[in-house]
Novice: 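Supplied in C-alpha coordinates, the structure appears directly below.
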Amino acid sequence: MSKKNKARWSLLPGIEPTPMDLKIMEAQEHGKLVPTRDLIKTPKQIEGIRKAGLLNTAVLDHVAEHIKEGMSTLEIDKLVYDFTTKHGGIPAPLNYCGFPNSCCTSINDVVCHGIPCDWEVLEEGDIINVDCTTIVDGYYADASRMFIIGNADAEAKKVVQVAWDCLKIGEKVCEQPYVYVGDTAKEITRLAHENGCTVVRDYCGHGVGVEFHEDPEMEHYGKKSRTGMLLVPGMTFTIEPMINLGDYECCNDEEDETGWIVLTEDGSLSAQWEHTYLMTENGVEILSH
Ligand code: MF3
Ligand code: CO
Ligand code: CO
(Lines give C-alpha, C1' and ligand atoms only; values in the text may rest on other atoms or scores of the structure.)
(Ligands and ions follow the chains in the order given, each with its own letter.)
Protein backbone atom coordinates (compact mmCIF):
# COMPACT_ATOMS: atom_id res chain seq x y z
CA MET A 1 0.00 0.00 0.00
CA SER A 2 1.47 3.38 -0.96
CA LYS A 3 1.83 6.02 1.70
CA LYS A 4 -0.89 8.10 0.08
CA ASN A 5 -3.38 5.28 0.36
CA LYS A 6 -2.36 4.37 3.87
CA ALA A 7 -5.38 3.18 5.78
CA ARG A 8 -6.67 5.71 8.31
CA TRP A 9 -7.79 2.88 10.57
CA SER A 10 -5.77 -0.24 11.21
CA LEU A 11 -5.99 -3.02 13.75
CA LEU A 12 -3.74 -2.84 16.79
CA PRO A 13 -1.13 -5.60 16.53
CA GLY A 14 -1.63 -8.50 18.94
CA ILE A 15 -5.04 -7.27 20.08
CA GLU A 16 -8.30 -8.96 19.18
CA PRO A 17 -10.35 -6.59 16.93
CA THR A 18 -13.25 -5.00 18.76
CA PRO A 19 -16.76 -4.82 17.26
CA MET A 20 -15.98 -1.13 16.62
CA ASP A 21 -12.76 -2.05 14.76
CA LEU A 22 -14.73 -4.37 12.50
CA LYS A 23 -17.39 -1.78 11.71
CA ILE A 24 -14.79 0.86 10.90
CA MET A 25 -12.69 -1.54 8.80
CA GLU A 26 -15.76 -2.50 6.81
CA ALA A 27 -16.68 1.13 6.13
CA GLN A 28 -13.09 1.83 5.13
CA GLU A 29 -13.11 -1.09 2.71
CA HIS A 30 -16.20 0.43 1.12
CA GLY A 31 -14.25 3.63 0.52
CA LYS A 32 -15.89 5.61 3.31
CA LEU A 33 -14.10 8.33 5.27
CA VAL A 34 -13.36 6.89 8.69
CA PRO A 35 -11.83 8.61 11.74
CA THR A 36 -8.20 8.31 12.75
CA ARG A 37 -7.58 6.82 16.21
CA ASP A 38 -6.75 10.19 17.76
CA LEU A 39 -10.34 11.34 17.16
CA ILE A 40 -11.59 8.68 19.58
CA LYS A 41 -11.31 10.36 22.95
CA THR A 42 -9.99 8.53 26.01
CA PRO A 43 -12.12 8.41 29.17
CA LYS A 44 -9.81 11.04 30.70
CA GLN A 45 -10.27 13.36 27.73
CA ILE A 46 -14.03 12.86 27.82
CA GLU A 47 -14.12 13.80 31.51
CA GLY A 48 -12.14 16.94 30.70
CA ILE A 49 -14.46 17.94 27.85
CA ARG A 50 -17.48 17.23 30.05
CA LYS A 51 -16.11 19.63 32.66
CA ALA A 52 -15.51 22.30 30.02
CA GLY A 53 -19.09 21.70 28.84
CA LEU A 54 -20.49 22.30 32.32
CA LEU A 55 -18.75 25.64 32.68
CA ASN A 56 -19.64 26.63 29.11
CA THR A 57 -23.30 25.95 29.90
CA ALA A 58 -23.08 28.00 33.08
CA VAL A 59 -21.59 30.87 31.04
CA LEU A 60 -24.47 30.76 28.56
CA ASP A 61 -26.99 30.52 31.43
CA HIS A 62 -25.35 33.62 32.92
CA VAL A 63 -25.75 35.43 29.60
CA ALA A 64 -29.37 34.28 29.38
CA GLU A 65 -30.08 35.75 32.83
CA HIS A 66 -28.69 39.17 32.01
CA ILE A 67 -29.19 39.77 28.30
CA LYS A 68 -31.70 42.54 27.62
CA GLU A 69 -32.74 45.38 25.38
CA GLY A 70 -30.38 48.36 25.62
CA MET A 71 -27.34 46.24 26.46
CA SER A 72 -24.30 46.49 24.18
CA THR A 73 -22.67 43.39 22.77
CA LEU A 74 -19.48 44.45 24.56
CA GLU A 75 -21.37 44.15 27.85
CA ILE A 76 -22.29 40.58 26.86
CA ASP A 77 -18.62 39.95 26.16
CA LYS A 78 -17.72 41.24 29.62
CA LEU A 79 -20.31 38.95 31.22
CA VAL A 80 -18.68 36.02 29.41
CA TYR A 81 -15.09 36.98 30.22
CA ASP A 82 -15.73 37.74 33.89
CA PHE A 83 -17.86 34.66 34.58
CA THR A 84 -15.55 32.28 32.71
CA THR A 85 -12.32 33.47 34.33
CA LYS A 86 -13.92 33.71 37.79
CA HIS A 87 -14.78 30.01 37.53
CA GLY A 88 -11.34 28.89 36.37
CA GLY A 89 -11.94 28.75 32.63
CA ILE A 90 -10.50 30.53 29.63
CA PRO A 91 -12.71 31.94 26.86
CA ALA A 92 -11.31 30.17 23.79
CA PRO A 93 -12.21 32.87 21.23
CA LEU A 94 -10.04 35.52 22.92
CA ASN A 95 -7.00 36.03 20.64
CA TYR A 96 -7.88 32.90 18.63
CA CYS A 97 -6.50 33.59 15.14
CA GLY A 98 -6.80 37.30 15.82
CA PHE A 99 -10.35 37.23 17.19
CA PRO A 100 -10.44 40.16 19.62
CA ASN A 101 -13.08 39.10 22.17
CA SER A 102 -14.33 36.32 24.45
CA CYS A 103 -17.45 35.29 22.54
CA CYS A 104 -19.18 35.85 19.22
CA THR A 105 -22.31 38.01 19.17
CA SER A 106 -24.16 37.74 15.86
CA ILE A 107 -27.23 39.94 15.44
CA ASN A 108 -29.94 39.61 12.73
CA ASP A 109 -28.17 39.30 9.34
CA VAL A 110 -24.84 38.39 10.94
CA VAL A 111 -24.42 34.69 10.21
CA CYS A 112 -21.58 34.02 12.65
CA HIS A 113 -18.39 35.41 14.24
CA GLY A 114 -19.94 38.76 15.14
CA ILE A 115 -17.51 40.84 17.21
CA PRO A 116 -18.79 42.42 20.43
CA CYS A 117 -18.52 46.20 20.52
CA ASP A 118 -19.74 49.09 22.62
CA TRP A 119 -21.76 50.89 19.95
CA GLU A 120 -23.84 47.86 19.02
CA VAL A 121 -26.86 47.92 21.31
CA LEU A 122 -29.65 45.32 21.49
CA GLU A 123 -32.97 46.63 20.27
CA GLU A 124 -36.46 45.26 20.58
CA GLY A 125 -37.09 42.70 17.83
CA ASP A 126 -33.42 41.76 17.37
CA ILE A 127 -32.37 38.15 17.25
CA ILE A 128 -28.86 37.44 18.52
CA ASN A 129 -26.65 34.39 18.65
CA VAL A 130 -24.15 34.26 21.51
CA ASP A 131 -21.47 31.65 20.83
CA CYS A 132 -19.20 30.66 23.70
CA THR A 133 -16.32 28.22 23.84
CA THR A 134 -14.69 27.48 27.17
CA ILE A 135 -11.32 25.91 27.96
CA VAL A 136 -11.00 24.07 31.28
CA ASP A 137 -7.74 22.25 32.07
CA GLY A 138 -6.89 22.39 28.37
CA TYR A 139 -10.17 20.85 27.17
CA TYR A 140 -12.75 22.65 25.01
CA ALA A 141 -16.54 22.78 24.79
CA ASP A 142 -18.40 24.95 22.28
CA ALA A 143 -22.09 25.94 22.24
CA SER A 144 -24.31 28.79 21.17
CA ARG A 145 -27.87 29.95 21.72
CA MET A 146 -30.27 32.40 20.15
CA PHE A 147 -31.95 35.13 22.15
CA ILE A 148 -34.98 37.10 20.98
CA ILE A 149 -35.05 40.64 22.34
CA GLY A 150 -38.56 41.65 23.36
CA ASN A 151 -41.23 41.24 20.72
CA ALA A 152 -39.88 40.09 17.39
CA ASP A 153 -41.81 39.67 14.18
CA ALA A 154 -43.01 36.31 12.91
CA GLU A 155 -40.19 35.89 10.39
CA ALA A 156 -37.53 36.44 13.05
CA LYS A 157 -39.17 33.93 15.37
CA LYS A 158 -39.48 31.48 12.51
CA VAL A 159 -35.80 31.43 11.56
CA VAL A 160 -34.83 30.99 15.21
CA GLN A 161 -37.23 28.04 15.50
CA VAL A 162 -36.15 26.43 12.22
CA ALA A 163 -32.48 26.66 13.25
CA TRP A 164 -33.38 24.95 16.53
CA ASP A 165 -35.35 22.24 14.75
CA CYS A 166 -32.40 21.70 12.38
CA LEU A 167 -30.01 21.21 15.31
CA LYS A 168 -32.43 18.75 16.89
CA ILE A 169 -32.93 16.76 13.69
CA GLY A 170 -29.15 16.50 13.25
CA GLU A 171 -29.01 15.23 16.79
CA LYS A 172 -31.80 12.73 16.11
CA VAL A 173 -29.86 11.23 13.18
CA CYS A 174 -27.09 10.63 15.72
CA GLU A 175 -29.29 8.69 18.09
CA GLN A 176 -27.20 5.69 17.10
CA PRO A 177 -23.48 5.45 16.25
CA TYR A 178 -22.04 4.55 12.84
CA VAL A 179 -24.04 7.18 10.98
CA TYR A 180 -22.27 9.58 8.62
CA VAL A 181 -21.88 13.34 8.75
CA GLY A 182 -23.73 13.46 5.42
CA ASP A 183 -26.75 11.76 7.01
CA THR A 184 -27.09 14.65 9.46
CA ALA A 185 -26.57 17.21 6.68
CA LYS A 186 -29.22 15.60 4.51
CA GLU A 187 -31.87 15.80 7.23
CA ILE A 188 -30.91 19.33 8.26
CA THR A 189 -31.07 20.47 4.62
CA ARG A 190 -34.40 18.77 4.01
CA LEU A 191 -35.98 20.33 7.09
CA ALA A 192 -34.63 23.82 6.36
CA HIS A 193 -35.86 23.71 2.77
CA GLU A 194 -39.27 22.35 3.77
CA ASN A 195 -39.60 25.44 5.93
CA GLY A 196 -38.55 27.83 3.18
CA CYS A 197 -35.13 28.48 4.69
CA THR A 198 -31.60 27.78 3.44
CA VAL A 199 -28.49 26.22 4.97
CA VAL A 200 -25.18 28.10 5.03
CA ARG A 201 -22.54 26.13 3.13
CA ASP A 202 -19.38 28.10 3.86
CA TYR A 203 -19.12 27.24 7.56
CA CYS A 204 -19.61 23.92 9.32
CA GLY A 205 -19.46 22.18 12.65
CA HIS A 206 -16.29 20.43 13.74
CA GLY A 207 -14.62 17.99 16.03
CA VAL A 208 -13.89 19.67 19.36
CA GLY A 209 -12.39 18.82 22.73
CA VAL A 210 -8.63 18.57 22.65
CA GLU A 211 -8.48 21.53 20.29
CA PHE A 212 -10.97 24.25 19.37
CA HIS A 213 -11.45 22.97 15.82
CA GLU A 214 -10.59 19.36 14.97
CA ASP A 215 -11.71 16.79 12.44
CA PRO A 216 -14.29 15.84 11.34
CA GLU A 217 -15.81 18.60 9.29
CA MET A 218 -19.47 18.53 10.26
CA GLU A 219 -21.17 19.75 7.09
CA HIS A 220 -24.76 20.92 7.52
CA TYR A 221 -25.64 21.24 3.86
CA GLY A 222 -25.91 18.10 1.76
CA LYS A 223 -28.23 15.84 -0.16
CA LYS A 224 -26.42 12.51 -0.07
CA SER A 225 -26.47 10.08 2.80
CA ARG A 226 -23.43 7.98 3.72
CA THR A 227 -21.03 10.78 2.78
CA GLY A 228 -18.53 12.53 5.02
CA MET A 229 -16.96 10.90 8.05
CA LEU A 230 -18.33 7.90 9.91
CA LEU A 231 -19.28 8.93 13.46
CA VAL A 232 -18.19 6.32 16.00
CA PRO A 233 -18.30 6.05 19.80
CA GLY A 234 -15.75 8.25 21.54
CA MET A 235 -15.85 11.06 18.99
CA THR A 236 -16.70 14.58 20.21
CA PHE A 237 -18.00 17.18 17.79
CA THR A 238 -20.39 20.06 17.34
CA ILE A 239 -23.54 20.39 15.29
CA GLU A 240 -24.24 24.08 14.61
CA PRO A 241 -26.35 24.71 11.52
CA MET A 242 -26.56 28.32 10.33
CA ILE A 243 -30.00 28.84 8.77
CA ASN A 244 -30.94 31.82 6.60
CA LEU A 245 -34.40 33.18 5.83
CA GLY A 246 -33.22 34.16 2.34
CA ASP A 247 -30.37 32.83 0.22
CA TYR A 248 -27.59 30.71 1.66
CA GLU A 249 -24.74 32.88 0.35
CA CYS A 250 -22.53 34.70 2.84
CA CYS A 251 -20.15 37.61 2.53
CA ASN A 252 -17.73 39.53 4.70
CA ASP A 253 -18.59 42.76 6.41
CA GLU A 254 -16.58 45.31 4.46
CA GLU A 255 -16.27 47.64 7.40
CA ASP A 256 -14.76 44.94 9.59
CA GLU A 257 -10.97 45.15 9.51
CA THR A 258 -10.51 41.80 11.26
CA GLY A 259 -12.26 39.92 8.46
CA TRP A 260 -14.10 37.75 10.99
CA ILE A 261 -17.68 38.99 10.69
CA VAL A 262 -19.87 36.98 8.30
CA LEU A 263 -23.13 38.39 6.89
CA THR A 264 -25.91 37.02 4.71
CA GLU A 265 -25.27 38.37 1.24
CA ASP A 266 -28.92 39.37 0.72
CA GLY A 267 -29.28 40.94 4.15
CA SER A 268 -31.81 38.33 5.31
CA LEU A 269 -31.97 37.09 8.89
CA SER A 270 -29.81 34.17 10.01
CA ALA A 271 -30.00 31.98 13.11
CA GLN A 272 -27.87 29.27 14.70
CA TRP A 273 -27.81 27.00 17.72
CA GLU A 274 -24.86 24.82 18.66
CA HIS A 275 -24.04 21.99 21.03
CA THR A 276 -20.98 19.86 21.74
CA TYR A 277 -21.77 16.14 21.51
CA LEU A 278 -20.16 12.88 22.52
CA MET A 279 -21.00 9.90 20.34
CA THR A 280 -21.58 6.78 22.46
CA GLU A 281 -22.68 3.20 21.79
CA ASN A 282 -26.23 4.52 22.33
CA GLY A 283 -26.04 7.64 20.21
CA VAL A 284 -25.04 11.18 21.06
CA GLU A 285 -24.95 12.70 24.50
CA ILE A 286 -25.01 16.50 24.79
CA LEU A 287 -21.93 17.69 26.67
CA SER A 288 -22.94 21.35 26.63
CA HIS A 289 -26.03 21.39 28.80
N1 MF3 B 1 -17.43 29.16 18.32
C2 MF3 B 1 -17.29 29.21 16.89
C3 MF3 B 1 -17.62 27.83 16.39
O4 MF3 B 1 -18.69 27.40 16.67
C5 MF3 B 1 -15.93 29.60 16.45
C6 MF3 B 1 -15.61 30.97 16.77
S7 MF3 B 1 -14.01 31.29 16.37
C8 MF3 B 1 -13.82 32.81 17.05
O9 MF3 B 1 -16.87 27.11 15.82
F10 MF3 B 1 -12.57 33.07 17.02
F11 MF3 B 1 -14.55 33.65 16.36
F12 MF3 B 1 -14.25 32.77 18.28
CO1 CO C 1 -19.31 27.93 18.62
CO1 CO D 1 -18.32 25.36 16.87
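Basis for what follows: all heavy atoms, side chains included, without hydrogens, waters or symmetry-related copies. Note that ligands are numbered from 1 as they come in the structure, with each ligand's atoms numbered from 1 the same way.
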Novice: Which of the atoms in ligand 1, numbered in the order shown and given with their element, are less than 4.0 Å from a heavy-atom of His213?
Specialist: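 So the answer, numbered in order with elements, is 3 (C), 5 (C), 9 (O).
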Novice: Which ligand 1 atoms, with their elements, are less than 4.0 angstrom from a heavy-atom of His206?
Specialist: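 Listed by number with element: 3 (C), 4 (O), 9 (O).
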Novice: Within a distance under 4.0 Å of any heavy atom of Pro93, pick out the atoms of ligand 1 and give their elements.
Specialist: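 Taking each heavy atom of Pro93 in turn, ligand 1 has 12 (F) under 4.0 Å.
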Novice: Output yes when Glu187 and Arg190 qualify as a salt bridge under the 4.0 Å nitrogen-oxygen rule, no when they do not.
Specialist: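 Looking at Arg190 together with Glu187, the answer is yes, because their closest N to O distance falls below 4.0 Å.
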Novice: Side chains of Asp126 and Asn108 only: does a donor on one sit below 3.5 Å from an acceptor on the other?
Specialist: yes
Novice: Report yes or no: is the cationic atom of Arg37 (NZ for Lys, CZ for Arg) under 6.0 Å from the centre of the six-membered ring of Trp9, at an angle within 45° of the ring normal?
Specialist: yes
Novice: Under 3.5 Å between any N/O of Trp260 and any N/O of ligand 1: does that happen in this structure?
Specialist: no
Novice: With a cut-off of under 6.0 Å to the ring centre and 45° to the axis, is Lys51 in cation-pi contact with Tyr139?
Specialist: no
Novice: Out of the N/O/S atoms in Glu274, what is the name of the one closest to the Co ion (ligand 2)?
Specialist: OE1
Novice: Just to be sure I'm reading this right: ignoring hydrogens, which of Glu240, Met242, His113 gets closest to atom 4 (O) of ligand 1? Compare them by their nearest heavy atoms.
Specialist: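 When every heavy atom of Glu240, Met242, His113 is considered, Glu240 comes closest to atom 4 (O) of ligand 1.
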Novice: Is the closest heavy-atom distance from Phe212 to ligand 1 below 4.0 Å?
Specialist: yes
Novice: Are Arg145 and Asp61 close enough for a salt bridge, meaning some N to O gap below 4.0 Å?
Specialist: yes
Novice: Measuring to the Co ion (ligand 3), does Glu240 have an N/O/S atom at a distance below 2.8 Å?
Specialist: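 Yes, Glu240 qualifies, because one of its backbone or side-chain N, O or S atoms lies under 2.8 Å.
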Novice: Give the numbers and elements of all ligand 1 atoms closer than 4.0 Å to a heavy atom of Thr133.
Specialist: 1 (N)
Novice: Which atoms form the tightest heavy-atom contact between His66 and Met71, and what is the distance?
Specialist: O-CE, 3.1 Å
Novice: Please write down residue, atom name and distance for the protein heavy atom closest to atom 3 (C) of ligand 1.
Specialist: Asp142 OD2, 3.3 Å
Novice: Which residue and non-hydrogen atom of the protein lie closest to atom 2 (C) of ligand 1, and at what distance in Å?
Specialist: Asp131 OD2, 3.4 Å
Novice: Is any N, O or S atom of His206 under 2.8 Å away from the Co ion (ligand 3)?
Specialist: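 Yes, His206 qualifies, because one of its backbone or side-chain N, O or S atoms lies under 2.8 Å.
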Novice: Does Asp82 come within less than 4.0 Å of Lys78, counting only side-chain N to carboxylate O?
Specialist: yes
Novice: Give the name of the N/O/S atom in Asp142 that lies closest to the Co ion (ligand 2).
Specialist: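 This turns out to be OD1.
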Novice: Taking NZ, NE, NH1 and NH2 as the nitrogens, is one of them in Lys41 or Glu47 under 4.0 Å from a carboxylate oxygen of the other?
Specialist: no
Novice: Could you tell me if Arg226 sits above the aromatic ring of Tyr180, with its cationic atom closer than 6.0 Å to the ring centre and no more than 45 degrees from the axis?
Specialist: no
